[in-house]
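Note that ligands are numbered from 1 as they come in the structure, with each ligand's atoms numbered from 1 the same way.
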Amino acid sequence: MFEFLLVISTISYVFSFENTLLGCYDDVSPGKRVSIEQYRSKEECIKDCFSKYYRYGFIYNEGNCMCGNYLGEQVSNGTCSECQSCDFKMNLTDTYFTGNLVPGPPRNFQVFNITENHVRITWQEPESVVEIIKYRIKAIVIHTYSSYSPYSPEWMYSNNTFQTELITLLPATKYNITLSTTSPDGDGALVFRVIETKIGTPDSIPTKPVIIENRGHQIDVKLLPTPNNNGPITAYKVIVINEDAKQDFDETILTSYNEANRNGLSYYITAELTPKEINNIFTVGDGQTYGRYYNAPLDPDVNYNIILALISRLHEVEKVVYSSGAVTGSGVSILNVSDDQIVGDSRTVIIGLSVAIGLLTFMLIAGIIGFIILKSRVVNRRHRLSDNQELTLQGPMIEVENNGYIHEDEHVPVNHYRNLKQKVRTIPSSQLNVEPTNLLGVGRYGRVNSAGVVENDNITLAAAYTIQDKKMSQETRKTMLQELDVLIKVGKHDNVIGLIGICETSYIMYVVLEHASLNLKDVLLGSRDSLPGRFSSMSEFQALDTAIQVARGMAYLDHCKIIHKQLCARSVIIAPGGIAKVTSYGIAQYFSHNKIPDYTRWTAVEVFKNYPPNTKSDVWSFACLMWEICALGATPYGNVANNNEIPEKIVRGLRLPQLQYINDELYQLMLDCWQLDYDERPSFMQLVESLDSFKKNPTVPYINFNTYPNFQYDQFYPDMELAVRPVF
Ligand SMILES: *[C@@H]1O[C@H](CO)[C@@H](O)[C@H](O)[C@H]1NC(C)=O
Ligand SMILES: *[C@@H]1O[C@H](CO)[C@@H](O)[C@H](O)[C@H]1NC(C)=O
Ligand SMILES: *[C@@H]1O[C@H](CO)[C@@H](O)[C@H](O)[C@H]1NC(C)=O
Ligand SMILES: *[C@@H]1O[C@H](CO)[C@@H](O)[C@H](O)[C@H]1NC(C)=O
Ligand SMILES: *[C@@H]1O[C@H](CO)[C@@H](O)[C@H](O)[C@H]1NC(C)=O
């Protein structure tokens, strides 16, 4: 007996064993039947068929029992023996309804290759099945060492998927992995396996021991506990390193004091402590034994480094992390100790501090003198330049530092505006028609208006970015010049918005960029349409092709060493001819109606962890954009209303779900882009290749916009994608 929720009426039905005679049927039915061995009675036959999730039980004249899901043709509505006209017919069966309507349990459910956060699973179609809509997999947390609140992820797979890799599981966590089916008549029977992921390296480094008192032979240190989300905290080890010996520390040959002595090693484990013994003052060198380790007295003439190691052990797998060291003697680390901890070596500290203060004072004075000299020079130079200034933007030479749009390792100084100007086409103001009433929005440096560039008889649609130099701070101007330089470097690519040129009047400068009135988000939402049998007016080919074009544009930006950081459907425009162009990088951004796009839902996991974004963070966002294309402009994670909850959920493993109408290979490609380790994500070039191979294989439906029963659009929630902030 089991329950299911009837999707349409949301009334909960209980299936139970029934025993309803449907009549006498001949056994020419389309589906296969299985025979029940050891048939005893009619009731048992039907019960057996019910417990095997078959709809019907068939009893033959000879008393054989068979189960199946498809009826033959009805001959009479009583039993066959009561049927007078049936005598001459062969192979008739008394046919009973068992009460079951749903698929049986998937067969051969297996789990392979369990790692810290992955598991591979395979299965086969249930034995008894009429129709399956999807397979549903849940990973229910039974036990974890993680302090993150238990999160039980869920995945859906199409009915022709029989294997998958569950990624983003927590380490050292026991999961009940359940697999079941959904069918039009309710949820099918479930199978489950309990697995435990391997332990991970502890996610926090132990706090370095704080030296409380150094008495020569003995040193008192304060030890603090370390939290660990990736496995149990089994023990702590205190390690003593003779700093003066200048030996490299090799953790693989770390041993006890006596062993280390024998092997000529200058470091050893002096104590193994249980988690309970931590959080106390520990005396290194007290001559006692802790765990298996002799805590040998120290040599007062030696400078020691004392390290705390956290040991995490589960089922024979051990992971260790080490703190940095607390150096004894006159070492630098003592300067980090706060006042109340300075007890023993306070004299050293005071001397150290005095020297440091003296040094700092000297540097400060030197700095001030230097600054005064430099400042007077800059002022002089400015004076000279201002005489022949035709445009307010021409200031002193500015070297602009990296602001993140260029890879961190590229410290290329950005050219002076005048140098920039030489590389850019100057549009005569007579050829630029700015439409002052058609305000597209407000960019970072001023208004952005729709415009047309007139050449011969052609008019090219453009966006004119007003640069209001007078209002601009030195800092903003630097950024602006750098972003302009980025645009120049990008040059021309079909799938990237390009710079047409700049146009100066006596008091204003326009940066003129390509423009199109449609952005991808609007195109996607606009394609939601109920043509007969279809739920999008866009073709699957167009959807895939748009993704490829965006990937090409991004591969090109990557080649130019530009990190986009804000990739989503909104930041792609669709030019005439359906050409997708990546925009919203560098200068090419503007916001309308005081609403700024909020990119949280497209942001890569490492960015939430405060790592600087890199091109693989853009790859993450690109996969969200692919999902957005397939979902026809739906809001990612639309079931999570609050943007502030997104980062934690992503860190804990939330990923966008597989849409019912995209196939596994496409979804797998998205999952690859959402790998925790960004090195494992594909590059944009690889994405272009994979997507291209999908496009070249039109026989496999990667995406299918044909309407199916119970189809519903994933929702678009404008407010979740916008942060309301004043622009000025
Ligand atoms: C089924 O039984 C009813 C009477 O109980 C009868 O009216 C009907 O004709 C029967 N149908 C068939 C197909 O024999
Ligand atoms: C009828 O049943 C006999 C034996 O049970 C079998 O050999 C035969 O193929 C069946 N005929 C049909 C038409 O299913
Ligand atoms: C498990 O991993 C091994 C080695 O990595 C591999 O050879 C094997 O194919 C994997 N098994 C499955 C079912 O993926
Ligand atoms: C799988 O789904 C397709 C379309 O949704 C359906 O036509 C087909 O019958 C399903 N297959 C099974 C075994 O349920
Ligand atoms: C796993 O989950 C299923 C479904 O919730 C449940 O029936 C089963 O008892 C669970 N198994 C364990 C070991 O918890």
Cys67 and Cys49 SG atoms less than 2.5 angstrom apart = yes
request  = Would you please name every residue forming a ring-ring contact (aromatic ring centres under 6.0 Å, His included) with Tyr702, sequence neighbours left out?
outcome  = Phe694
remark   = Val194 heavy atoms within 4.0 Å reach ligand 5 at atoms 13 (C)
note = Sorted by chain and residue number, the residues having a heavy atom closer than 4.0 Å to an atom of ligand 4 are Glu125, Glu131, Ile132, Asn159
query = Any idea how Phe535 and Phe711 line up, ring-wise: parallel (<30°), tilted (30 to 60°), or perpendicular (>60°)?
reply = parallel
inquiry  = Are more than 12 heavy atoms, taken from residues, nucleotides or ligands other than Lys695, located less than 6.0 Å from that residue's NZ atom?
reply    = yes
ask   = Of all the atoms in ligand 5, which lie at a distance below 4.0 Å from a heavy atom belonging to Thr178?
value = 2 (O)
key: Lys616 atom NZ, over 12 foreign heavy atoms within 6.0 Å   = yes
remark   = If we number the atoms of ligand 5 from 1 as shown, the ones under 4.0 Å from a heavy atom of Asn176 are 1 (C), 2 (O), 3 (C), 8 (C), 10 (C), 11 (N), 12 (C), 14 (O)
Non-neighbouring partners of Thr161 that pass side-chain contact (heavy atoms from CB on, under 4.5 Å), sequence neighbours left out = Trp123, Tyr157, Ser158, Asp664
key: Results of disulfide bond (SG atoms under 2.5 Å apart) for Cys624 - residues two or more places apart only   = none
